[in-house]
Participant: 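Would you mind keeping the following structure in view while I ask a few things?
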Amino acid sequence: ATRDASIGTRTGTGEWFFVWMAFAALGICLVGFFPTYLVPVATATFSRPPLVHFHGVTMFAWMALFAGQTWLAATGHLRGHRSWGMLGIALTTAAVLLLVATLTMDARYAETVMGPAAGVRSRADALGFMAHGVVFGGLVGAGVASVRRPDVHKRIMLLANVVALAPALGRIGRIDVLGVVDFFAMTPRQGIIMGIGILLASEALVAAGLWQDWRMRGRPHPVYWIGALVVLPGLMLLQPLITEHAWQDAMLWLQHLGG
């Protein structure tokens, strides 16, 4: 990519913060899925349908692309950043659609193999992560729409990446903190603890952005306040609601739609 000299004054330590945050997110993703996906795939013990692999590859590709995009922006290669951004739009669309399809398949599998109670719990889990997927896609769309306002664009994209980390953070909390490998072996209390842990870890990542803005700009950007006070708590508060019959019926409709 060719360096865009027009942004020379905007690159520096402030821009590199987004690079470090992006690579930290990629690291969290790798740690979270290492024991439940990467190791089983490497040892040929992962026996899930191809759809799961498509979903996994798409999300890992998004995380890697986001890290590369922040590096291109920080080093002043805006032409390359814009070009690769088109791939980001395609990956986001694919990631959200594949997420919905994979979670719907998982819910149907849980109910068929483990019984109605497991089906209810799996549908609730699926709906929660679908909500994260929809918010992730919406934030990426908002980020693309604000591309002519770099201060807004890069913070919205960072917030989108934080939302996308929820499944990885959940696995770290469930396996490394609670010591529960099987999701269905969790008690309701452990499920609440895991949900709170996802929220606190996500808030900590956004808090890093608040602190960086305070240090570099003298005040945090409104995008971070919206993320910390509205988006992340809203996703957490949605969790108790998705066990209601209306939401469960909506998830059942998706299951039947999938065949």
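Treat the numbers as computed from the prediction; the structure is a model and nothing was measured. Positions are given from 1 along the sequence.
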Participant: Once rounded to the nearest 0.5 Å, what's the spacing between atom OG1 of Thr92 and atom CD1 of Ile89?
Facilitator: 7.5 Å
Participant: Give the cluster check for Leu169 versus Val31: same hydrophobic cluster or not, with ILVMFWY residues linked at side-chain heavy-atom distances below 4.5 Å.
Facilitator: yes
Participant: Please determine if Arg48 and Asp106 form a salt bridge, counting it only when a charged side-chain N lies under 4.0 Å from a carboxylate O.
Facilitator: yes
Participant: Please check: side-chain N/O of Thr45 versus main-chain N/O of Val41, any donor-acceptor pairing under 3.5 Å?
Facilitator: no
Participant: To the nearest 0.5 Å, what is the distance between OG on Ser146 and NZ on Lys154?
Facilitator: 11.5 Å
Participant: Do the non-hydrogen side-chain atoms of Phe18 and Arg155 ever get within less than 4.5 Å of each other?
Facilitator: yes
Participant: For the pair Arg149 (side chain) and Asp151 (backbone), establish whether a donor and an acceptor sit closer than 3.5 Å, ignoring hydrogens and angles.
Facilitator: no
Participant: Quick one: OG1 on Thr70 to CG on Leu26, what's the gap to the nearest 0.5 Å?
Facilitator: 10.0 Å
Participant: Below 30° counts as parallel, above 60° as perpendicular, anything between as tilted: where do the rings of Trp62 and Phe66 land?
Facilitator: parallel
Participant: Within a strict 4.5 Å, meaning less than it, do heavy atoms of the Val144 and His153 side chains meet?
Facilitator: no
Participant: Linking I/L/V/M/F/W/Y whenever any side-chain heavy atoms sit under 4.5 Å apart, do Leu165 and Ile196 land together?
Facilitator: yes
Participant: Measure across Trp214 and Pro220 and return the closest heavy-atom pair with its distance rounded to 0.1 Å.
Facilitator: CE3-CG, 3.6 Å
Participant: Could you measure the distance from the OH atom of Tyr224 to the CG atom of Asp213? Nearest 0.5 Å is fine.
Facilitator: 5.0 Å
Participant: Report yes or no: does His81 contribute a side-chain atom to a donor-acceptor pair with the main-chain N or O of Gln69 at less than 3.5 Å?
Facilitator: yes
Participant: Return the CG to OG1 distance between Leu38 and Thr43, rounded to the nearest 0.5 Å.
Facilitator: 10.5 Å
Participant: Considering the options Val206, Val140, Leu139, which one meets the side chain to side chain contact (heavy atoms under 4.5 Å, CB included) requirement together with Val163?
Facilitator: Leu139
Participant: Keeping to residues at least two apart or across chains, list the ring-ring contact (aromatic ring centres under 6.0 Å, His included) pairs with something in residues 21-45.
Facilitator: Tyr37-Phe46, Tyr37-His53
Participant: Assigning hydrophobic clusters by single linkage (Ile, Leu, Val, Met, Phe, Trp, Tyr; side-chain heavy-atom cutoff under 4.5 Å), is Val152 placed with Val162?
Facilitator: yes
Participant: Does His77 use its side chain to pair, donor to acceptor, with the backbone of Ala73 at less than 3.5 Å?
Facilitator: no
Participant: Could you see if Val100 belongs to whatever hydrophobic cluster contains Leu97? Use Ile, Leu, Val, Met, Phe, Trp, Tyr and a side-chain cutoff under 4.5 Å.
Facilitator: no
Participant: Calculate, to the nearest 0.5 Å, the distance between atoms CG and CZ belonging to Leu103 and Phe129 respectively.
Facilitator: 8.0 Å
Participant: Is the backbone of Thr102 close enough, under 3.5 Å, to the side chain of His55 for a donor and an acceptor to pair up by distance?
Facilitator: no
Participant: Consider only side-chain heavy atoms of I, L, V, M, F, W and Y, link residues closer than 4.5 Å, and tell whether Val134 and Val231 are in one cluster.
Facilitator: no
Participant: Would one find more than 12 heavy atoms of other residues, nucleotides or ligands at under 6.0 Å from atom CZ of Phe54?
Facilitator: no
